[in-house]
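One structure below.
It should be emphasised that the depicted structure is a prediction, and the values quoted were computed from it without experimental measurement. Reckoned from all heavy atoms, side chains included, excluding hydrogens, waters and symmetry mates.
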Amino acid sequence: MAPRILRLAVILSLAAAMGCDGGLRDPVGQVPFDTTGELTGGGGGGGGTGGAAVVVGSWSATFITRLMNDVQSQVTTWHFQVNGSCNRTVAVTSVLEGRTLTTSLPCTWSTNSTDISIAFGGNVGTVTFRWSLENFSPDRLLLDGVTYVRI
């Protein structure tokens with residue numbers, strides 16, 4: 001029991017230090033799914049190569065979510081390759097369960113000066129995000145308003 005309380009205290013301390021208000025949000029919303037796993041949003045398009053050099057690399061965002069009986073941290077990582085391939089990895093750690101569940105989806109991408117289109121294999125589909133650099137920093141990528149830090 002004590003290790004769970006200690007883990008909870010550490011995660012809550014990190015959330016407070018990061019200025020997290022603890023409000024529920026959909027950090028997985030980068031690829032909007034309904035409860036059946038079907039793609040429900042996004043759209044095709046994109047095209048071009050404008051901004052591609054800036055986007056190439058690995059980017060990560062961490063979200064802390066308080067649930068009724070648990071605290072979860074989620075790390076979403078995007079890897080954008082020069083050749084147009086990409087990968088999205090999501091690792092969700094539950095304090096209650098004391099374990100991490102990791103999922104990974106391969107994809108391809110293209111971009112122009114304002115949008116990035118990401119096509120996932122299989123029946124998942126394509127989504128388009130508005131992208132920019134937060135405060136013009138080459139190490140802070142905004143995808144639909146969510147900040148990802150270069151790793």
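No hydrogens or angles considered: a donor-acceptor pair under 3.5 Å links the side chains of N83 and S85. With hydrogens and angles left out, the side-chain atoms of T128 and S117 include a donor and acceptor closer than 3.5 Å. Under the 3.5 Å distance criterion, with hydrogens and angles disregarded, a donor-acceptor pair is assigned to the side chains of T111 and W131. Checking D70 against S94 by side-chain atom types alone, a donor-acceptor pair falls below 3.5 Å.
Contact of the R140 side chain with the N135 side chain is not registered, since no non-hydrogen atoms from C-beta on lie closer than 4.5 Å. Residues Q74 and T65 form no side-chain contact, since every pair of their non-hydrogen atoms from C-beta on lies 4.5 Å or further apart. Contact of the T89 side chain with the T76 side chain is not registered, since no non-hydrogen atoms from C-beta on lie closer than 4.5 Å.
Hydrophobic clustering (side-chain heavy atoms under 4.5 Å, transitive across Ile, Leu, Val, Met, Phe, Trp, Tyr) keeps L142 apart from W59. Linking Ile, Leu, Val, Met, Phe, Trp and Tyr whenever their side-chain heavy atoms come within less than 4.5 Å puts V82 and L141 in one cluster. V56 and L133 fall within the same hydrophobic cluster, where Ile, Leu, Val, Met, Phe, Trp and Tyr residues are linked whenever their side-chain heavy atoms come under 4.5 Å apart, directly or through other members. V149 and V75 fall into different hydrophobic clusters, where Ile, Leu, Val, Met, Phe, Trp and Tyr residues are linked whenever their side-chain heavy atoms come under 4.5 Å apart, directly or through other members.
Taken to the nearest 0.5 Å, the CE atom of M68 stands 12.5 Å off from the CG atom of L96.
Of all heavy-atom pairs between A52 and W109, the closest is O-CH2, 3.7 Å. Nearest heavy-atom pair across S58 and H79 is OG-ND1, 2.6 Å.
The aromatic rings of F129 and W78 stand perpendicular to each other, their planes meeting at an angle above 60°, with 30° marking the opposite boundary.
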Go through the steps to decide whether T108 and F120 satisfy the test side-chain contact (heavy atoms from CB on, under 4.5 Å), and finish with yes or no.
CA-CA 7 Å; T108 59; F120 294 94; over 6 Å; no
Using the rule given for side-chain contact (heavy atoms from CB on, under 4.5 Å), can you reason through V92 versus T100, listing the C-alpha separation, both sets of side-chain angles and the distance that settles it, and then say yes or no?
CA-CA 5 Å; V92 178; T100 301; 5.9 Å; no
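The main-chain N or O of S104 is never found under 3.5 Å from a side-chain atom of R88 such that the two would form a donor-acceptor pair.
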